Asker: 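Sharing a structure, written as structure tokens. Questions coming.
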Amino acid sequence: MKTASAERASERAAERARAIRTVPVRNSEFDHLGLEELRGYRTALAAEEGRVSYWRRIMQARLDVVRANSAGGSAVDNLRDVLADVRVTTTRGALIEMVADPHGELIDLPDLSSLWTREVDSRDPVATEALILALEEAEGQLSDYRSALHKRIAAATTELIARYREEPTLCLVALPQPPEQRFPHTV
């Protein structure tokens, strides 16, 4: 029996395989965006995905610590192992309270900072289980949102590729130009 995570990974792999075999076509959803705007949109989505991925990992780490404590371990003993895979960078956001979904509607995310800092007595199974459920729900919401972002990034990328296929010289706009070509001398 596959876990939900394994099923999602299998679905993503199948989507990537289908994408490799298909020729990108224009999507009318992006017609209102110029090339620079489309690139900016894709960049913004990628930055948002980075923030969401960071918080998702933080929620997973907190969940691991709470589970370890409820099993009789110590948070300090397990913290190094749990956080060993977390890569923190200075460019990541500190808190996501509310974010837009791919269709422009708002998705309410839980108060992630309060979930990270919430303390429960590990000897109180009811409080511990409530925190575990809240963390699992937050991680699930972040995972779903991250998946939606991946689809939007893929759609924007497909649109860019389709435009480049139609007009290959558009690719050149992304390349840095020597100063003399950016500011031609006038005589």
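Values in this document were obtained by computation on a predicted structure and should not be read as measured data. What you see below is based on every heavy atom in this structure, not just the backbone, and it leaves out hydrogens, waters and symmetry mates.
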Asker: How close do Ala134 and Leu115 get, counting heavy atoms only, and between which atoms?
Answerer: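 Smallest heavy-atom distance, with atoms named: CB-CD2, 3.6 Å.
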
Asker: Which distance, rounded to the nearest 0.5 Å, do you find between the CD of Gln141 and the CG of Asp144?
Answerer: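 So the gap between those two atoms works out to 8.0 Å.
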
Asker: On a heavy-atom basis, which atom in Asp121 and which in Thr128 lie closest, and how many Å separate them?
Answerer: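 What the structure gives for the nearest pair is O-OG1, 3.4 Å.
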
Asker: Is there a salt bridge (Lys or Arg N to Asp or Glu O under 4.0 Å) between Arg163 and Glu166? Walk through the geometry before answering.
Answerer: CA-CA 5 Å; Arg163 289 183 187 190; Glu166 284 178 2; over 6 Å; no

Asker: Using atom types as modelled and distance alone, determine if a side-chain donor or acceptor of Glu159 lies under 3.5 Å from a backbone N or O of Asn27.
Answerer: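 Yes: the side chain of Glu159 pairs with the backbone of Asn27.
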
Asker: Please report the shortest heavy-atom distance between Ile132 and Arg67, naming the atom on each side.
Answerer: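 Scanning both residues, the minimum pair turns out to be CD1-CG, 4.0 Å.
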
Asker: Which atoms form the tightest heavy-atom contact between Leu170 and Tyr164, and what is the distance?
Answerer: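 Closest approach of Leu170 to Tyr164, heavy atoms only: CB-CD2, 3.8 Å.
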
Asker: Looking only at non-hydrogen atoms, find the nearest pair between Arg51 and Glu48 and report the distance.
Answerer: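 Result for this residue pair: NH2-OE1, 2.8 Å.
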
Asker: Ser10 side chain to Ala6 main-chain N or O, any donor-acceptor pair under 3.5 Å?
Answerer: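 Checked: no pair found.
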
Asker: Can Arg56 and Tyr145 be counted as having a side-chain donor-acceptor contact under 3.5 angstrom?
Answerer: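 Absent: no donor and acceptor within the cut-off.
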
Asker: Please walk me through it: do Leu35 and Leu160 pass side chain to side chain contact (heavy atoms under 4.5 Å, CB included)?
Answerer: CA-CA 8 Å; Leu35 187 62; Leu160 281 170; 3.6 Å; yes

Asker: Count I, L, V, M, F, W, Y as connected when their side-chain heavy atoms are under 4.5 Å apart, and connections chain through other members. Are Ile161 and Ile153 then in the same cluster?
Answerer: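 Not linked; separate clusters.
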
Asker: Might you point out which heavy atoms bring Leu131 and Val120 nearest each other, and give the distance in Å?
Answerer: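 For Leu131 versus Val120, the nearest heavy atoms are CD2-CG2, 3.9 Å.
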
Asker: Salt bridge between Arg39 and Glu36, side-chain N to carboxylate O under 4.0 Å?
Answerer: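 The answer is yes: the pair qualifies as a salt bridge.
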
